[in-house]
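For reference, the structure discussed in these notes is given below.
Reminder, nothing fancy here: chain letters follow the sequence lines and each chain counts from 1.
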Amino acid sequence: MLETKANLLRRHIIKMTFTAQSGHPGGSLSYADIITALFFKVLKHRPQEPNWVDRDRFVLSKGHAAPVYYAALAEAGYFPVEDLTSLRRLGSHLQGHPCRKKTPGVEISTGSLGQGLSVANGMALAAKLDRRLSRIYCLMGDGELQEGQNWEAAMLASHYKLDNVTAFVDRNKMQIDGPTEHIMSLEPLVDKWKAFGWNVIEINGHNMRQILEACEKASQVTGKPTMIIAHTIKGKGVSFMEGAVAFHGKAPNADEYRIALKELGESI
Amino acid sequence: MKWVYTSQRKEYANALVEIGKVRTDVVVLDADLSSSTRTVEFAKKFPERFFNVGIAEQNLMGTAAGLAVSGKTVFASTFAVFATGRCWDQIRQSIAYPNLDVKIVATHAGITVGGDGASHQALEDIALMRTLPNMCVLVPADGLEAYKAVKAASEHRGPCYVRLGRADVPMVTSMDSSFTIGQATVLKEGTDVTLVGCGQMVALCMDAAEELHRSGISAEVVNMSTVKPLDEHTLLRSARKTGCMVTAEEHSVKSGMGSAVCSVLAENHPVPVRMVGTPDCFGESGESCELMGRYGLSAEHIVASAEEVIGRKRK
């Protein structure tokens, strides 16, 4: 069951950030369902053969939300699950932000916001040049849409008719300094992407059926890229982290760790 | 010296087309300056492998990274001032950190851009690129060497920055001179002072050497066409022989090729040095040759600097 897998990834996030005593739990929890759908249902990939040329690609543009990405990669079989608690430790292959040179399965290094979609477009152009059927998935934060490069990339994807690109915005409506609409408003977001020539789908980013249906619809569209605006809750699954800006980049303490795991169905 | 002039941009286009014929994995990107950078020649021959990203340098580098990570060797071109400054973070994060095969070939570098003025005169690009891990920095001396540098970059694994000028430049190398990344070449042997140049300043070093010869001074001229990785061996061998050095570059003396040379000398074999380059200031509009004179990029300045370091050596 994908819901069970998503819950497992959420528990990993809590354990990883608690052990590291740093990292970004909030924005990891918010797209746990999306990445579960991608890695365990949607993506054509071979964890035992990470360089399989015909694979689909996943780009995590909001690189700070690495914990759940690593959890998905480990559970998919790219590296041992035991590695997860080495997050952010000296010598670990699990850097604070994704590094292509260190972590098996990571397609591109990210961390400086707003760069993932451009890279995803490059991958999509390459797939078209090589006549591969690979699809490119890019997960973006909503806050990072404030970076101008995204809109350069939005134009390019539509100009070159990159219908092999499916992007998600993890629309949790929060950024470090507060609600996105207070810091630098993004709305009307659907209209913006439509105006840039994209096929736009709005979903509840915690509803597995809606995520899968949107991915399926996106793969049927020809001549334009698809943007799935996924409405999510930052910190989803842990009551005191839900909608709390404080847990954007803060690890749980010992008490919070126990409560969080308990809420996610694991007793310690 | 009577020089034959060559165009680095034309030779870049020639090399690109040659590479494109034999390597179907080579892709070229430009940001609305293809007629100036001359990538348009590749675009005409191989339209399916040329992508214009519009006036969007950050996206230029990001898209290049995505193509490179998918197995392509990517050439990304625009003016040097935009290619390095406008998107330094994209180069750092998306290209240099993952060590991808993106070859940034920037044209219109230096003060000789001329009339466009300071906004368009890249005098900091060598500094910006040489500080990035994994990045290889090539500053060819003339058109022939530009051709060879572009070919070498296409075969090199990892990111490269190739710095080209707008104006035609004196031909100081020949068809059969070798070009290897990381190898400086001694164009003229000498014993009293070493003149280390890169780009079109190599020609002025040769002019200066001729002038010095008339005063009985024997100058060695080194073409430092790879700024990174720097050929420490050739540099130190020359420093040990002549005991003093002048560096010459069409770039700010702050953190350019001269600074790279000074670091190596300071740590291994300190000798008196004078750096010829633009001082710590922005450029301005003017004719190329006028600007070269005003900002001290002349054979006369190299000669005076050589005499000065020779004087210090004797003290």
Side-chain angles (χ1 to χ4, degrees), chain A residues 50-59 61 63 95 97-103 106-132 134 136-138 140 147-162 164-165, chain B residues 20 23-32 42 46-76 78 82 86-104 132-134 157-159:
Chain A
N51 295 324
W52 175 44
V53 70
D54 288 321
R55 71 189 181 281
D56 291 341
R57 269 78 169 169
F58 174 77
V59 173
S61 189
Q95 298 293 294
H97 294 79
C99 173
R100 171 182 164 75
K101 301 303 280 182
K102 292 194 191 291
T103 310
V106 167
E107 301 279 2
I108 185 71
S109 310
T110 52
S112 178
L113 292 173
Q115 303 193 19
L117 190 57
S118 296
V119 178
N121 287 341
M123 293 174 176
L125 286 170
K128 289 204 176 262
L129 275 175
D130 296 342
R131 298 194 166 74
R132 282 183 280 113
S134 306
I136 319 297
Y137 293 86
C138 180
M140 306 157 80
E147 292 280 6
Q149 186 185 349
N150 289 306
W151 304 99
E152 299 180 356
M155 276 190 275
L156 185 140
S158 139
H159 180 84
Y160 284 106
K161 300 182 169 55
L162 299 180
N164 50 350
V165 169
Chain B
R23 296 243 331 245
T24 54
D25 62 317
V26 168
V27 173
V28 178
L29 270 58
D30 204 299
D32 195 42
F42 183 93
F46 312 103
E48 72 289 351
R49 284 191 274 142
F50 175 82
F51 299 100
N52 201 325
V53 304
I55 307 165
E57 293 77 17
Q58 301 179 355
N59 196 37
L60 170 75
M61 295 308 171
T63 309
L67 280 154
V69 87
S70 306
K72 305 295 178 192
T73 293
V74 187
F75 282 84
T78 180
F82 309 129
R86 188 66 184 246
C87 47
W88 187 84
D89 185 51
Q90 282 72 15
I91 297 171
R92 177 179 187 274
Q93 306 273 352
S94 294
I95 294 172
Y97 183 34
N99 198 17
L100 300 178
D101 277 330
V102 176
K103 319 300 169 183
I104 301 162
L132 288 172
N134 294 332
R157 302 320 292 170

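- Put simply, CG on A:Leu156 and OG1 on B:Thr63 are 5.0 Å apart, with the number rounded to the nearest 0.5 Å.
- Between B:Lys72 and A:Leu129, the closest side-chain pair of non-hydrogen atoms falls below 4.5 Å.
- Across all non-hydrogen atoms, the minimal contact from A:Pro98 to B:Tyr97 is O-CE2, 4.4 Å.
- Only the side chain of A:Ile108 comes within contact range of chain B, with heavy atoms under 4.5 Å apart.
- The environment of NZ in A:Lys161 is sparse: at most 12 heavy-atom neighbours from other residues, nucleotides or ligands sit within 6.0 Å.
- B:Ser70 places a side-chain heavy atom less than 4.5 Å from the side chain of A:Arg132.
- Contact detail for A:Val119 and B:Ala65: the closest heavy-atom pair is CG2-CB, 4.2 Å.
- Between the side chains of B:Asn59 and A:Ser118, at least one donor N or O sits under 3.5 Å from an acceptor N or O.
- Neither the backbone nor the side chain of B:Leu29 comes within less than 4.5 Å of any heavy atom of chain A.
- With a 4.5 angstrom heavy-atom cutoff, A:Ala120 does not touch chain B via any of its atoms.
- Atom CD of A:Gln149 is separated from atom CG of B:Leu60 by 10.0 Å, given to the nearest 0.5 angstrom.
- A heavy-atom distance below 4.5 Å is found between the side chains of B:Asp89 and A:Gln115.
- In this structure, the separation between CD on A:Glu152 and SG on B:Cys87 is 9.5 Å, given to the nearest 0.5 Å.
- Residue-environment remark: CZ (B:Arg92) stays at or below the threshold of 12 foreign heavy atoms within 6.0 Å.
- Only the side chain of B:Val27 comes within less than 4.5 Å of a heavy atom in chain A; its backbone stays farther off.
- When the side-chain contact (heavy atoms from CB on, under 4.5 Å) test is applied to A:Glu147, the partners found at least two apart in sequence or on another chain are A:Leu113, A:Asn150.
- Contact tally against chain B (heavy-atom pairs below 4.5 Å) for A:Asp130, A:Ile136, A:Asn121: the top residue is A:Asp130.
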